[in-house]
There are 2 protein chains.
Amino acid sequence: MNLDFTYFENGIGRISGQLPGMPQDRVVLNRLFFYVFKELDDVYNQHLSEFGLNSSTFLALAMILSSEDNRLNPSHLSDALIASRTNVTRLADDLVGSGWVSRKPCTQDRRRVELSLTPSGRKLILTVLPVIWQRIEQQWIDFSPAEITEFDRLLRKMLEGLRRFRMAS
Amino acid sequence: MNLDFTYFENGIGRISGQLPGMPQDRVVLNRLFFYVFKELDDVYNQHLSEFGLNSSTFLALAMILSSEDNRLNPSHLSDALIASRTNVTRLADDLVGSGWVSRKPCTQDRRRVELSLTPSGRKLILTVLPVIWQRIEQQWIDFSPAEITEFDRLLRKMLEGLRRFRMAS
DNA sequence: TAAAAATAGTTACATTTGAAACTATTTCTG
DNA sequence: CAGAAATAGTTTCAAATGTAACTATTTTTA
């Protein structure tokens, strides 16, 4: 996959020359965001495939690990992963099939299901997490703590703007 | 789709309490990026659906508009959209089917195809662009010019880090 | 408390996208 | 210049994900 942002920038520059009123810096920003996301997603999946995982399965295992008492409902997982419940059902099928997660009915609320890490799933995620963390440190190595903080602030501000905007429309 | 980032942050906080060595701020940053992207993508598609478009078809029309002489090859479009050539073939099928784009063989290089806007496609994209631009201005209205510039710089720096990283691994 | 509404999970179906294989054409190279 | 390699586009197949409909439960409400 070719990720040369100049294709887009050149095009947008030509349009801006023809049509008035383009907020060019913000148009570029939105599109740049898309490019960076693609790259981030690719790099993550590349790393995780070494362990037979992908973004979804990795994060699911990590979220179950982080749960109280090693138990998590599919619905909660759906919220944490920003994935549909449909997809989490399938994800759980896969994780159970791989022997990393067990699925048991919940006794308190019989509509619910409880997902738990098996010993093998726990071992896997405890092996993978430090490796991924090390790579994330590498990824951000050129950023100062102040830049990290500022980036975080800007992303949250962008998120708020988008949410307020979505409500408005 | 529930986009409450606290589900993730709480989980990551609990893991950080249990396991040493997590670069928590950068882990949160990567995930936050994912959340913001989802929201951005949703909002865009919501806006574009009013015109019978989506991110891909909109950007394809805009890129053809921006081209020299109203002609663009599918391969170029593939680069600009960060989409596979497979997907651009399909995209072109749709755009031609909707009457917005014409597809003609290229006389210079007979392997190639030339995509051009039809009058109706040109009219559509010229109608949609100002509306989208206005909404992008709304989206970023709380950001100062300095914040826009800094955000752009940080995104490009992040992209470089990811690319260098991908090469290394 | 009985009916209505909400919630959890699953299933069936559809949409979006990419990888690999294939054809046609052009460019490179020995 | 003839064969090999590269390039452009398409087709086939597969992977990932979402919507809507459905069942089973629990919670709300009149």
Side-chain angles (χ1 to χ4, degrees), chain A residues 1-3 7 34 37-39 41-42 44-46 48-49 52-60 64 67 71-98 101-116, chain B residues 1-3 7 34-35 37-39 41-42 44-46 48-49 52-60 64 71-98 101-116:
Chain A
M1 182 87 68
N2 186 342
L3 278 171
Y7 283 100
F34 191 76
F37 172 78
K38 285 268 194 185
E39 190 76 27
D41 196 49
D42 277 4
Y44 256 87
N45 279 309
Q46 186 182 316
L48 291 168
S49 67
L53 295 170
N54 59 39
S55 307
S56 301
T57 48
F58 167 70
L59 201 53
I64 301 175
S67 65
R71 288 181 302 161
L72 204 61
N73 304 124
S75 285
H76 190 120
L77 207 48
S78 166
D79 291 330
L81 303 191
I82 335 176
S84 65
R85 282 178 306 163
T86 301
N87 204 28
V88 171
T89 294
R90 245 176 328 237
L91 198 56
D93 288 345
D94 291 349
L95 294 171
V96 170
S98 300
V101 164
S102 70
R103 176 156 42 184
K104 293 173 204 146
C106 174
T107 47
Q108 274 79 20
D109 183 341
R110 281 154 56 207
R111 291 171 301 184
R112 289 174 186 272
V113 157
E114 280 173 355
L115 303 174
S116 304
Chain B
M1 181 89 66
N2 185 342
L3 277 172
Y7 282 100
F34 191 76
Y35 272 66
F37 172 78
K38 285 268 193 185
E39 190 75 26
D41 196 50
D42 277 5
Y44 256 86
N45 279 309
Q46 186 183 316
L48 291 168
S49 67
L53 294 170
N54 59 38
S55 308
S56 301
T57 48
F58 167 70
L59 201 53
I64 301 174
R71 288 180 302 160
L72 203 61
N73 304 123
S75 287
H76 190 119
L77 207 47
S78 165
D79 291 330
L81 303 191
I82 336 175
S84 65
R85 281 179 307 163
T86 301
N87 203 28
V88 171
T89 294
R90 243 175 330 236
L91 197 54
D93 289 344
D94 291 350
L95 294 171
V96 170
S98 298
V101 164
S102 69
R103 175 156 43 184
K104 293 175 204 143
C106 174
T107 46
Q108 275 79 18
D109 182 341
R110 281 154 56 209
R111 292 170 301 182
R112 289 175 186 271
V113 157
E114 279 173 356
L115 303 174
S116 303

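Order of the sequence lines sets the chain letters (A, B, ...), proteins ahead of strands, with each chain counted from 1. Quantities reported herein were computed from a predicted structural model and do not represent experimental measurements.
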_Non-neighbouring partners of A/Ser98 that pass side chain to side chain contact (heavy atoms under 4.5 Å, CB included), sequence neighbours left out_ = A/Trp100

_A/Asn87 CG - D/dA20 P separation (whole Å)_ = 16 Å

*Can you pull out how bent the helix from C/dT1-D/dA30 to C/dG30-D/dC1 is, comparing the axes over its first five and last five pairs, to 10°?*
30°

*With sequence neighbours excluded, residues passing side chain to side chain contact (heavy atoms under 4.5 Å, CB included) with B/Asn45*: B/Asp41, B/Asn54, B/Ser55

_Whole-Å gap separating C1' (C/dT10) and CG (A/Leu115)_ = 13 Å

*Provide the closest heavy-atom pair for B/Asn73 versus B/Arg112 in the form atom of the first, atom of the second, distance.*
OD1-NH1, 3.1 Å

*Check the distance between D/dA24's C1' and A/Gln108's CD and give it to me in whole angstrom.*
18 Å

_ring-ring contact (aromatic ring centres under 6.0 Å, His included) partners of B/Phe34, counting only residues at least two apart_ = A/Phe37

*Would you mind reading off the distance between B/Leu95 atom CG and C/dT16 atom P, rounded to a whole angstrom?*
13 Å

*Tell me, please, which residues at least two apart from A/Arg111 pass side chain to side chain donor-acceptor pair (under 3.5 Å).*
A/Asp109

*asked:* B/Arg110: which residues meet the side chain to side chain donor-acceptor pair (under 3.5 Å) condition with it, sequence neighbours left out?
replied: none

*B/Asp93: what forms a side chain to side chain contact (heavy atoms under 4.5 Å, CB included) with it, not counting sequence neighbours?*
B/Thr89, B/Arg103

_Interatomic distance, B/Asn45 CG vs C/dT16 C1' [rounded to whole Å]_ = 11 Å

_Nearest-Å distance for atom pair CG/P, residues A/Leu48 and D/dA16_ = 13 Å

*Among B/Ile64, B/Val101, B/Val113, find the one that has a side chain to side chain contact (heavy atoms under 4.5 Å, CB included) with B/Leu72.*
B/Ile64

*asked:* Between C1' on D/dT17 and CG on A/Leu59, what's the gap in Å once rounded to a whole number?
replied: 16 Å

*Enumerate the residue pairs fulfilling ring-ring contact (aromatic ring centres under 6.0 Å, His included) with a member in residues 75-97 of chain A, sequence neighbours excluded, ordered by first and then second residue.*
A/His76-B/Tyr7

*Per-nucleotide protein contact string for nucleotides 5-10 of chain D, where B marks a base within reach and S marks sugar-phosphate only (heavy atoms under 4.0 Å, - for neither)*: -BBBBB

*Over how many whole Å does the gap from B/Asp42 atom CG to C/dT15 atom C1' extend?*
15 Å

